[in-house]
Amino acid sequence: MKIAIAADHGGYLLKEMIIGFLSNYEGVEVLDLGTNSTESVDYPKFGFACAETVANGDADRGIVCCGTGIGISIAANKVKGIRCALCTSVEMAKLSREHNNANMLALGGRTTKPEDALMMVDTWIKTEFLGDRHARRVAMLDEYGCDE
Ligand code: RB5
């Protein structure tokens, strides 16, 4: 599984921690899209870049971090085909995969303890979509806003 990861300055340190965690993670390759320091940058740019990478198939999934995870998740969800879940617990990370087939995970670097964030990442990677009735609802999300 190829995972694209991006953050603004508020999520930079958490992004680096997640990259370290995933460097020893079997079956996962990480594509780091920046930012690369705590210098102030604009989160939409990094949210869009990560989401586009997932939407165009250059990565299977994406993880984005900003101060709260809110702004960068809003940015990611602007991109067609993206279902970015802002999670604050392992239970939410699990359900975002099982019910929503979330292809992106958003986390808050200033609002989430690093150890909790890493447990969420681990669960989110390992959890499969349940399909069935959830597939119909996810299809409704993906169809909305289509031009056809
Ligand atoms: C940046 O200061 C902060 O606004 C950003 O990281 C994020 O929390 C936005 O939602």
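Order of appearance sets the numbers: ligands from 1, and atoms from 1 within every ligand.
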Pairs under 3.5 angstrom only: tabulate donor-acceptor contacts from the side chains of residues 103-112 to other protein residues two or more places apart or in another chain.
{"residue": "N103", "atom": "OD1", "partner": "R83", "partner atom": "N", "Å": "2.7"}
{"residue": "N103", "atom": "ND2", "partner": "G81", "partner atom": "O", "Å": "2.8"}
{"residue": "T112", "atom": "OG1", "partner": "G108", "partner atom": "O", "Å": "3.2"}

Please tabulate, for the side chains in residues 45-57, all donor-acceptor contacts under 3.5 angstrom to protein atoms that are two or more places apart in sequence or on a different chain.
{"residue": "T53", "atom": "OG1", "partner": "A49", "partner atom": "O", "Å": "2.8"}
{"residue": "N56", "atom": "OD1", "partner": "D58", "partner atom": "N", "Å": "2.9"}
{"residue": "N56", "atom": "ND2", "partner": "E52", "partner atom": "O", "Å": "3.2"}

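Near G67, meaning under 4.0 Å from one of its heavy atoms, ligand 1 places the atoms 5 (C), 6 (O), 7 (C), 8 (O). Near D8, meaning under 4.0 Å from one of its heavy atoms, ligand 1 places the atoms 1 (C), 5 (C), 6 (O).
Residues Y12 and N36 have side chains that never bring a donor and an acceptor to within less than 3.5 angstrom of each other.
By the 4.5 Å heavy-atom criterion applied to side chains, D122 and Y25 are counted as neighbours.
Among all non-hydrogen protein atoms, the one lying nearest atom 1 (C) of ligand 1 is H9 NE2, 3.5 Å. For atom 8 (O) of ligand 1, the closest non-hydrogen atom on the protein side is T68 N, 3.1 Å. The nearest heavy-atom contact from the protein to atom 10 (O) of ligand 1 is G71 N, 2.9 Å. The protein heavy atom nearest to atom 7 (C) of ligand 1 is C66 SG, 3.3 Å. From the protein, the heavy atom lying nearest to atom 4 (O) of ligand 1 is Y43 CE2, 4.3 Å. Closest to atom 2 (O) of ligand 1 among all protein heavy atoms lies R110 NH1, 3.3 Å.
The main-chain N or O of G34 is found under 3.5 Å from a side-chain atom of D32 such that the two form a donor-acceptor pair.
Atom-to-atom distance recorded for L95:CG and H134:NE2 is 9.0 Å, nearest 0.5 angstrom.
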